[in-house]
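Everything below concerns the one structure shown next.
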Amino acid sequence: MLSKQVDITSRSARPLPISYIIRIAQQCSCEVYIQETNMRINAKDYNQMKRDWNPQGNRLVFYLNGADEVAAGNKLKKALEH
């Protein structure tokens with residue numbers, strides 16, 4: 001399992017849509033989770049993201065598990081930091 005911290009400071013003026021994160025996560029074959037305060041949220045599950053994800057601060061922590069976890073982490077970082 002790989003963890004990847006993504007700094008979203010440059011996006012702070014623009015909201016980060018749930019559908020954008022879900023679409024990127026669904027393009028990866030590995031499992032993709034976002035760490036919230038006391039839970040991990042499946043970034044590929046719209047219902048769980050809508051219900052449980054409440055972003056705080058300027059950083060997101062992703063946990064990736066699977067064959068393409070390194071590529072997926074780089075893809076998320078590139079897409080969300082710009």
Side-chain angles (χ1 to χ4, degrees):
M1 182 171 278
L2 171 74
S3 68
K4 185 70 121 180
Q5 182 171 300
V6 177
D7 184 0
I8 57 171
T9 305
S10 62
R11 296 187 60 89
S12 62
R14 297 173 286 164
L16 191 59
I18 290 174
S19 61
Y20 185 63
I21 293 174
I22 293 169
R23 188 173 66 240
I24 295 168
Q26 287 178 341
Q27 293 173 0
C28 307
S29 63
C30 67
E31 297 173 345
V32 180
Y33 295 94
I34 297 176
Q35 180 69 43
E36 264 303 312
T37 311
N38 59 352
M39 69 172 56
R40 286 190 184 165
I41 300 167
N42 183 345
K44 295 181 178 185
D45 184 335
Y46 175 81
N47 291 327
Q48 188 177 18
M49 289 283 288
K50 184 76 172 159
R51 181 184 62 238
D52 298 329
W53 190 53
N54 184 21
Q56 302 293 319
N58 294 326
R59 289 186 201 98
L60 298 176
V61 178
F62 289 92
Y63 286 89
L64 307 127
N65 189 25
D68 69 339
E69 62 190 27
V70 173
N74 292 336
K75 186 176 194 170
L76 286 161
K77 189 170 180 76
K78 182 179 177 183
L80 298 175
E81 285 187 344
H82 293 47

Contact check, side chains of Met39 and Asp52, non-hydrogen atoms, under 4.5 Å: yes
Ile34 and Ile21, any side-chain heavy atoms less than 4.5 Å apart: yes
Cluster overlap Val61 with Leu64, hydrophobic side-chain contacts below 4.5 Å: no
Single-linkage hydrophobic cluster Leu80~Tyr33, side-chain heavy atoms < 4.5 angstrom: no
Spacing of [X] atom [atom1] and [Y] atom [atom2] [to the nearest 0.5 Å]:
{"X": "Ile41", "Y": "Gln35", "atom1": "CD1", "atom2": "CD", "value": "8.5 Å"}
{"X": "Asn54", "Y": "Met49", "atom1": "CG", "atom2": "CE", "value": "11.5 Å"}
{"X": "Cys30", "Y": "Lys44", "atom1": "SG", "atom2": "NZ", "value": "6.0 Å"}
{"X": "Lys4", "Y": "Tyr63", "atom1": "NZ", "atom2": "OH", "value": "13.5 Å"}
{"X": "Ile22", "Y": "Gln48", "atom1": "CD1", "atom2": "CD", "value": "10.0 Å"}

Spell out, as yes or no, whether a donor-acceptor pair under 3.5 Å connects the side chain of [X] to the backbone of [Y].
{"X": "Asn65", "Y": "Glu31", "result": "no"}
{"X": "Asp68", "Y": "Cys28", "result": "no"}
{"X": "Glu69", "Y": "Gly66", "result": "yes"}
{"X": "Lys50", "Y": "Ile18", "result": "no"}

Residue pair Leu2 / Val70: nearest heavy atoms and the distance that separates them: CD2-CA, 3.9 Å
